[in-house]
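Worth knowing before you read on, the calculation uses all heavy atoms, side chains too, and leaves out hydrogens, waters and symmetry mates. Nothing here was measured: the structure is a model prediction, and the numbers come from that model.
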Amino acid sequence: MLSAEAPVARPNVLARLEGVRKYFGAGGSWLGGCEAVVKAVDDVSFAIPERRIVGLVGESGSGKTTVGRLMVKLLEPTGGNIRYRGRDIAGLAGRDLRDYRGRVQMIFQDPFSSLNPRLRVEAIVGEALLGSGIRSAADRRGRVVERLEMVGLDAGHLRRYPHEFSGGQRQRIGIARALAADPEFIVADEPVSALDVSVQAQVLNLLLELQERLGLAILFITHDLAVMRFLCDEVAVMYLGRIMETGKTREVMEGPRHPYTRALLSAVPSIRPGAAGKRIILDGDIPSPIAIPSGCVFRTRCPEAKQPCAETSPPLAEKSPGHFSACLFG
């Protein structure tokens with residue numbers, strides 16, 4: 001048993017993004033000029049520890065979902081690398097790639113479009129077991145039933161189609177599918193944003209229970225800071241393809257160092273009378289990833305911007321132990 005003075009060991013890093021970029025071509029100009037480039041993800045670096053939930057938060061269009069799809073190899077990076085247990089996943093092929101895709105699964109945002117309407121629940125959840133080596137149909141069905149029971153469903157749902165379920169139940173089926181191959185890392189892309197508020201709480205509690213029970217690492221993609229505070233151990237704040245701030249959730253929420261993080265937090269309602277601070281209103285919309293501002297990408301909307309912000313793109317710098325911010329003055 002640890003003594004009161006014994007240091008708490010930090011968990012090992014399971015996955016790490018290092019200078020990751022993802023650019024898309026947006027077609028040439030009408031004058032026949034060079035093809036425009038959409039910089040969806042631009043020089044992103046952060047780590048995901050074992051058995052922890054890391055929140056990736058930011059406005060729509062910030063590149064969060066693209067990061068998630070890169071993690072599960074639905075997309076390939078334009079540059080940088082993604083390491084999983086120290087190995088660059090770009091070089092995975094054959095059995096190694098199948099093994100990675102068994103270890104890393106994704107829960108999608110829309111529980112309606114992410115399930116094949118022509119398949120029954122047994123086939124939907126069982127798809128993840130096709131390369132698992134379980135040859136017996138009875139064994140596969142048993143695994144599917146186990147996963148359904150984990151998420152609050154049962155064997156009575158095996159023969160039903162997605163349209164026979166509510167939105168919350170469909171998302172539970174999506175979670176069961178993600179768990180079927182016994183993953184150790186899950187990318188959850190806005191998994192509750194399409195659900196009613198009352199159902200959101202049930203699904204969030206389920207995810208937290210499963211994470212603790214199975215020892216999962218989760219990258220939780222969200223735009224909701226209240227959800228992030230409830231669920232996540234650590235957080236990375238993203239804006240226009242770049243990481244603005246990272247750190248332990250409590251430290252970032254209570255002492256944000258970047259002006260963008262402070263603006264996001266100012267919009268979160270408080271249930272305590274008189275606790276809400278002054279709302280920080282950002283001018284305009286997030287710029288186009290085709291025409292990213294020079295210097296700090298946030299400067300065009302930042303209420304604290306100064307001239308050097310237009311000239312220098314600040315890297316993530318450690319402001320206090322484990323707390324990083326990409327701001328020249330933060």
Side-chain angles (χ1 to χ4, degrees), residues 15-22 39-49 52-68 70-71 80 187-190 193 217-269 277 279-287 289 292-293 295-305 309 313-330:
R16 186 186 298 277
L17 294 86
E18 300 172 336
V20 172
R21 302 188 304 277
K22 181 60 183 179
K39 296 183 177 181
V41 174
D42 198 18
D43 195 23
V44 164
S45 300
F46 66 94
I48 300 163
R52 292 291 186 271
I53 304 177
V54 176
L56 185 58
V57 65
E59 294 171 278
S60 297
S62 60
K64 307 184 302 297
T65 292
T66 302
V67 168
L70 288 166
M71 293 296 301
V187 175
D189 183 12
E190 301 265 17
S193 63
I218 298 177
L219 177 64
F220 190 88
I221 298 170
T222 183
H223 65 274
D224 190 329
L225 275 79
V227 168
M228 182 198 70
R229 170 178 278 177
F230 168 75
L231 199 69
C232 300
D233 303 295
E234 302 181 19
V235 60
V237 181
M238 195 169 184
Y239 179 83
L240 201 58
R242 298 190 183 184
I243 300 297
M244 300 288 101
E245 186 166 358
T246 65
K248 297 289 182 60
T249 301
R250 182 174 180 178
E251 293 178 8
V252 172
M253 297 288 280
E254 295 182 356
R257 302 299 297 265
H258 198 281
Y260 180 56
T261 310
R262 289 196 285 270
L264 292 178
L265 288 171
S266 76
V268 178
R279 175 74 185 273
I280 300 173
I281 305 296
L282 298 179
D283 293 332
D285 297 321
I286 187 169
I292 291 179
C296 175
V297 295
F298 183 58
R299 68 174 179 81
T300 57
R301 302 174 71 201
C302 180
E304 304 174 31
C309 301
S313 178
L316 275 175
E318 193 168 24
K319 306 299 183 177
S320 61
H323 191 167
F324 294 78
S325 173
C327 181
L328 294 174
F329 306 102

(Q) Is there a side chain to side chain contact (heavy atoms under 4.5 Å, CB included) between Ile243 and Leu56? Walk through the geometry before answering. (A) CA-CA 9 Å; Ile243 300 297; Leu56 185 58; 4.0 Å; yes

**Q.** Derivation and outcome, side chain to side chain contact (heavy atoms under 4.5 Å, CB included), residues Lys22 and Val44
**A.** CA-CA 10 Å; Lys22 181 60 183 179; Val44 164; over 6 Å; no

Q: Could you check Arg21 against Lys39 for side chain to side chain contact (heavy atoms under 4.5 Å, CB included), going step by step and ending with a plain yes or no?
A: CA-CA 8 Å; Arg21 302 188 304 277; Lys39 296 183 177 181; over 6 Å; no

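Two residues are said to be in side-chain contact when any heavy atoms from C-beta on lie closer than 4.5 Å; Leu219 and Phe46 meet this criterion. Side chains of Val235 and Met253 form no contact here, defined as non-hydrogen atoms less than 4.5 Å apart. Using a 4.5 Å heavy-atom cutoff, the side chains of Cys309 and Cys302 are not in contact. Contact of the Pro315 side chain with the Phe324 side chain is not registered, since no non-hydrogen atoms from C-beta on lie closer than 4.5 Å. Side-chain contact between Val67 and Val20: absent, with no pair of heavy atoms (C-beta onward) separated by less than 4.5 Å. Cys327 places none of its side-chain heavy atoms less than 4.5 Å from the side chain of Glu304. A heavy-atom distance below 4.5 Å is found between the side chains of Thr300 and Pro287.
Arg16 approaches Ala47 most closely through the heavy-atom pair NH1-CB, 3.8 Å. Here the closest heavy-atom approach between residue Pro314 and residue Ala326 is recorded as CG-O, 3.4 Å. Pairing each heavy atom of Leu316 with each of Ser45, the nearest pair is CD1-O, 3.9 Å. Smallest separation of non-hydrogen atoms from Leu265 and Pro256: CD1-CG, 3.6 Å. In this structure, Val187 and Gly68 approach most closely via the heavy-atom pair CG1-CA, 3.7 Å.
Going from atom CG of Leu282 over to atom OG of Ser266 covers 7.5 Å, rounded to the nearest 0.5 Å. Within the model, atoms CD of Glu234 and NE2 of His323 stand 11.5 Å from one another, a figure rounded to the nearest 0.5 Å. Once rounded to the nearest 0.5 Å, the distance linking CG of Leu240 with OH of Tyr260 reads 9.5 Å. One distance of note links CG of Asp233 with CD1 of Ile218; it measures 9.5 Å at 0.5 Å rounding. Atom CZ in Arg262 sits 13.0 Å away from atom CE in Met244 (nearest 0.5 Å). Expressed to the nearest 0.5 Å, how far CD1 of Ile53 lies from CE of Met228 amounts to 12.5 Å.
The backbone N or O of Gly58 lies less than 3.5 Å from a partner atom in the side chain of Lys64, making a donor-acceptor pair. Without hydrogens or angle criteria, Glu245 side chain to Arg257 main chain gives a donor-acceptor distance under 3.5 Å.
Each of Thr246, Val41, Val57 was evaluated against Met238; a single residue qualifies, Val41, per the side-chain contact (heavy atoms from CB on, under 4.5 Å) test.
His258 and Phe298 have tilted rings, their planes meeting at an angle from 30° to 60° on a 0 to 90° scale.
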